[in-house]
Every structure is written in structure tokens, then in C-alpha cells.
**Q** 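If you scroll down you'll find the structure; I have some questions about it.
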Amino acid sequence: MRLSRYFMPVTRETPADAQVASHKLMLRAGLVRQTAAGIYAWLPLGLRVLKKIEAIVREEQDKAGAVELLMPTIQSADLWRQSKRYDAYGPEMLRLKDRHDREMLYGPTNEEMITALFRDAAKSYRDLPRTLYHIQWKFRDEVRPRFGVMRGREFLMKDAYSFDLDEDGARHSYNRMFIAYLRTFARMGLTAIPMQADTGPIGGDLSHEFIILASSGESDVFYHKAWEADRSAEAEGVDADDPAALQAFVGGLTADYAATDEKRDPAREAAAGADLRQSRGIEVGHIFYFGTKYSASMGFTVQAGDGTQVHPEMGSYGIGVSRLVGALIEARHDEAGIAWPESVAPFQVGLVNMRADDPACAGAADDLYRRLGQAGVETLYDDRDERGGAKFATMDLIGLPWQLILGPKGLGRGVVELKRRATGEREELSIESALARLAG
RNA sequence: CAGGGUGUAGCUCAGUGGGUAGAGUGCCCGCCUUGGAAGCGGGAGGUCGCCGGUUCGAGCCCGGCCACCCUGACCA
């Protein structure tokens, strides 16, 4: 993409509305624009990141055996009356009426809808187990939206729902998602710690919030220092189709203490002793098992092998896709701007032509841009007639992993400069080796 | 939702005792420059959030409304 033809409104000054680093940087780098309190338009650069995150989430859900579908944003109030949540949900639910005065709502979540959809089609234990998911916009009318997309009212969320015949099956479905989450966040360069979370009326240990550590996080969290390491690799060898092996793995992992403020356990903290750590964290995922809450209230049964009718055991599993954009920036930025991990970066390379008015430079840069494209490298090419300093500042701000700098100084010696955004380290190399490096 | 705050140029903000609106930056034109946003000159750009009131006259005073932000209790 040529920057001269892109839409990437960066600002030098920080808009007054933003408080936390990620919000400021998202506005400055032209990722989003706020259109109302807690509601954002995704500009091209931000949309690319959102799509990258979404793709990783989708791949890992598919790998975990979940099946994608897409449910609407607008739901009927009747559906929610079946589960008795229409009145229980409160003002956080955005309610609307259509032209026939029918009561509708903008979905804050989809338990009711998925239960109804699956209920009407699944009649036998042979239809179980299933885990269904979608990635869709939700709306929760937060009293006080803040922190940019990390606590917006409208947000993009992956939510999955599992249906099993019995509790053991539900536990296995839960565990599958558990390791899928570890892998998902690890692929984004994040260390997400599964923390014991509130299970509601069901009780037990089957609810975890996945938290990434960040000083600007909203929750106080406590954990064993074992969690400071990236433990996603431990999940690699696990056979997710083997319930016992998977349970042993998850059980072993969660033996290391990690809890949010509301779920602290003094005994386990004492046991951790000097290995106990405290931090702030951002919740990026939440998984829980809730049994037959919806299958029972919404009359969903399947016939079991012995001929009896049973309510499926359900769980639900959320990932805050749009929130992750903010969370990633919280975890990966410095004074100059964002430093995207390659897996979610909007472009891999920022090609900087230092002298747009110099035919030799422009020609070489055009050629380099063309060849990067041919090699399949996502490149944002700063071909504008701006001073070098402004281009560097823009590149550092938007945080592409690599900057490839081409100017008259190096071109005379046949070299370009390759800079790694995250570390600032730079190196001179020939155009050919730069291409080989970036295409590799 | 309670408490507090702010609405003036694209952005960040000034605006005196009520007298018809400014700076920096960004943008446009020209020149000069060219390796970390900072050279020079010229220029465009504003229903001062909205409605009403007071006044000869309101960005400024009064009333109402709206929007946004902050602090708290709740949430992916």
C-alpha cells in the first residue's frame, strides 16, 4: 500500500479524551475514531489489526473443533423471556422497538439464541458434543465506557458455546477451549494467565478469566511466579482428544496459583510464599461452564442412549477481539509509539523512501516496493514527499515490525537500512539480502 | 447511576472589565532544504455545543437542554 493513497490520519498531539497509552496511541496512529461514547469507527490500519486477531482466533477455534456460524446482532425480546433474562439483564441491555412495536434488543451475548438454534435441530445424543461459535459485534450499554476499545459499549467478541451430554463431556469441552486459549494468546505474543474466576450459581472450578499483565489493567491480580514464563509451549504436546491426558495437563497447569482480586485464596497465597506476584491485568478471555441453566430454562433436551430425555450440559467461551487490539498495545509500546508483534501487525514492513524528489531513490524504492509485493510481504510504502524525520516518527508511531529505509546515503553504496521497531536495532544490507530476509 | 469537569480552527489550547475571535501545530501556495516530526514567506480555515433570556451589543452574564471526559459501584 502506498501511503500517498492510503487513509491513515495520524496526529502529532494526543487527543484530549484519551487517558491510557493504548487509547492515545490508537487515536494518534489513526487506528480508530470515536463516533459516540464507547463506540468506534475502525479506520483502515486498525481494521487490518482487528482482522488479523480475528483470523488467529478463528484458526484456533477451528483447530479446537469448534464450528463457526454467524448469529445476528439484533435479537427478539421473546427469546430472552424464555430464559427469564429479559427483565433480569437491566439497563446494560440496549432495547429497541421495531415499526410494529415489537420489542427487540441489540445482543449483549448469545446464550439464548444459540440454545434455541441448536435446540430446534439437535434431538439425539448423537448430535453431541458440539461447540459452536461466532465472531460478532455486541453491545453492552456500560454506564461508563472508558479506555478506548478496551471498555467500549460496542465490541467485537468471539463467543463459543459447548453442548455435551454429561458433565464429564462438558469438562472436556471446557479443557479443549482452555488450551485453545493458551495457544491463541501466545500466537499474538501475549502471555495470558488463566485465573480462577467466579462461577456463579454452578460453583466448582470451571471458570477462568484469561488475563494479560499490564500496569493499566483494570483488575488486581495475584499469581505464582511460574506464570511469568510463557507456558503455551507446554500445551503443544498435549493430545486434546484424550480427555484424561487433557485434564491432567490443565489440572497441572492450574495447580500454580493465579487469581483475581475477588477470588484470592489466602491459603494458596501463603503456600506460594515469596513466589507470589502481584500485578494489574486486562481480561481478554473468559470461559465457563454453566451446566443446564439455559438448556433447562429453554426446554432443550436430547434423547440419550437409554431413551431418556436429558438437558445438555453447556459452557460458554468468550474472547474480546476488539479489546485485544487495545490490550496488545498496552503490552507492546514505548514513548515513540506501538510495536506490533508480527502476527497481528497491520503490515509487516514499512518501506521508507527518504527522498521522494530524488528520481534515483524513488525509482529504487518503487522497485523495492514492487518486489516486496511479489514476494507476498505486506508493505506500507511511505512514498510521500515529506522529510525523513517525519516519516521515521510516523513509522515508529504506527509500529510496523520492520522499517526498510532507502535513501541517497545508502543507495550510492548499494545498501538499505533495516530497522526492527521493537528493539530499535538497525542494520545495513544489500537490497537483495533485505528482500531475502523479509520474504523469508 | 451519584459526584466532579469540559465544550472556541482538523488537533492541542488561549480569550482581560460584555464591544463582532487568537496562538501553536496541521492544511494550501511559493522558496529553501533533506537521515529522526522544529528553515523562510504568503494564505485558507470558526453558526465560539444547542435553545432561550438579559443587554444598544454576549465566546464571556442568567436559565434550560445536549454531548463528551474524569472519580466511584458493574463488565469480554
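Chain letters run A, B, ... following the sequence lines, proteins first and then strands; every chain starts at 1.
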**Q** Is the positively charged end of A:R140 above the ring of A:Y106, judged by distance under 6.0 angstrom from the centroid and angle within 45° of the axis?
**A** no
**Q** Can you tell me how far C1' in B:A67 sits from the matching atom in B:C31, rounded to whole Å?
**A** 45 Å
**Q** Roughly how far, to the nearest 0.5 Å, is CE of A:M395 from CG of A:L380?
**A** 5.0 Å
**Q** Once you round it to whole Å, what is the distance between P of B:A73 and CD of A:E262?
**A** 11 Å
**Q** Between B:A76 atom C1' and A:F139 atom CZ, what is the distance in whole Å?
**A** 15 Å
**Q** Name the closest nucleotide to the A:R387 side chain, picking from B:A37, B:G72, B:U33.
**A** B:U33
**Q** Do A:R264's NZ or CZ and the ring of A:F222 fall within the cation-pi criteria of under 6.0 Å and 45°?
**A** yes
**Q** Using the salt bridge (Lys or Arg N to Asp or Glu O under 4.0 Å) criterion, which residues pair with A:K51? Sequence neighbours excluded.
**A** none
**Q** Mind checking the P distance from B:G72 to B:C50? Whole angstroms is fine.
**A** 32 Å
**Q** Between B:A23 and B:G30, how many Å separate the two P atoms, rounded to a whole number?
**A** 23 Å
**Q** In residues 13-27 of chain A, what residues come within less than 4.0 Å of RNA chain B, judged by heavy atoms?
**A** A:E13, A:T14, A:P15, A:A16, A:D17, A:Q19
**Q** Check the angle between the aromatic planes of A:H23 and A:Y40 and answer parallel, tilted or perpendicular using the 30° and 60° thresholds.
**A** perpendicular
**Q** Measure from the ring centre of A:F392 to the centre of the six-membered ring in the base of B:G35, then say whether that distance is under 5.5 Å and the planes meet at under 30°.
**A** no
**Q** Would you kindly give the CE-to-P distance between A:M157 and B:C75, to the nearest whole Å?
**A** 13 Å
**Q** Between B:G43 and B:C51, how far apart are the two P atoms, rounded to whole Å?
**A** 33 Å
**Q** Looking at A:D17 and A:K24, does any basic side-chain N land under 4.0 Å from a carboxylate oxygen?
**A** no
**Q** Go through B:A37, B:G35, B:A73 for me and flag the one nearest to the A:L397 side chain.
**A** B:A37
**Q** How do A:L156 and A:L406 order along RNA chain B: which one's closest nucleotide is nearer the 5' end?
**A** A:L406
**Q** Would A:F178 and A:F210 count as a close aromatic pair, with their ring centres under 6.0 Å?
**A** yes
**Q** Hey, does A:E142 reach any base, or is it just sugar-phosphate, or nothing, if we go heavy atoms under 4.0 Å?
**A** base
**Q** Can you tell me if A:E111 and A:T109 form a side-chain donor-acceptor pair at under 3.5 Å?
**A** yes
**Q** Say you pick atom P in B:U12 and the same atom in B:C69; how far apart are they, in whole Å?
**A** 13 Å
**Q** On a whole-Å scale, what distance lies between the P atoms belonging to B:A9 and B:U47?
**A** 9 Å
**Q** Between A:Y317 and A:R176, do the side chains contain a donor N or O and an acceptor N or O under 3.5 Å apart?
**A** no
**Q** Figure out the CE/P separation between A:M195 and B:A76, and round it to whole Å.
**A** 15 Å
**Q** For the pair made of CG in A:N110 and P in B:A76, what is the distance, rounded to whole Å?
**A** 14 Å
**Q** Rounding to an integer number of angstrom, what distance separates B:G42 and B:G24 when you compare their P atoms?
**A** 12 Å
**Q** Consider salt bridge (Lys or Arg N to Asp or Glu O under 4.0 Å). Of A:R332, A:R420, A:R421, which one does A:E342 pass it with?
**A** A:R420
**Q** Between A:R12 and B:A37, does any side-chain N or O lie under 4.0 Å from OP1 or OP2?
**A** no
**Q** Check every strand shown and say whether A:G407 touches a base, only sugar-phosphate, or nothing at a heavy-atom separation below 4.0 Å.
**A** base
**Q** Which residues within residues 414-426 of chain A lie with some heavy atom under 4.0 Å of an atom in RNA chain B?
**A** A:E417, A:K419, A:R426
**Q** Near RNA chain B, which residues from residues 322-357 of chain A have a heavy atom under 4.0 Å away?
**A** A:R323, A:M354, A:R355, A:D357
**Q** Would A:D164 and A:H172 count as having a side-chain donor-acceptor pair, cut-off 3.5 Å?
**A** no
**Q** Quick one: does any side-chain atom of A:S207 pair with a main-chain N or O of A:I287 as donor and acceptor, under 3.5 Å?
**A** yes
**Q** Distance check needed: B:C75 P versus A:R146 CZ, whole Å only.
**A** 13 Å
**Q** A:M8 CE to B:A37 C1': how many Å, rounded?
**A** 13 Å
**Q** Which residues pass the side chain to side chain contact (heavy atoms under 4.5 Å, CB included) test with A:A390, not counting sequence neighbours?
**A** A:E386
**Q** In this structure, is the centre-to-centre distance between the rings of A:Y223 and A:Y257 below 6.0 Å?
**A** no
**Q** Tell whether A:R144 reaches the base of B:U71 with its side chain through a donor-acceptor pair below 3.5 angstrom.
**A** yes
**Q** Cation over ring, A:R48 on A:F347, under 6.0 Å and within 45°?
**A** yes
**Q** Taking only Watson-Crick and G-U wobble pairs with both distances under 3.5 Å, what dot-bracket line describes RNA chain B, where [ ] shows pairs that cross earlier ones and | shows pairs with another strand?
**A** (((((((..((((.....[..)))).(((((.......))))).....(((((..]....))))))))))))....
**Q** So, for A:W137 and A:F155, is the gap between ring centers shorter than 6.0 Å?
**A** no
**Q** For RNA chain B, whose closest nucleotide is more 5', that of A:F155 or that of A:P145?
**A** A:P145
**Q** A:L404 CG to B:G35 C1': how many Å, rounded?
**A** 14 Å
**Q** Over all strands shown, is A:G389 touching base, sugar-phosphate only, or nothing at heavy-atom distances under 4.0 angstrom?
**A** sugar-phosphate
**Q** Looking only at side-chain atoms of A:A37, point me to the closest of B:C75, B:G35, B:C69.
**A** B:C69
**Q** Heavy atoms under 4.0 Å, any strand shown: does A:R153 hit a base, just sugar-phosphate, or nothing?
**A** nothing
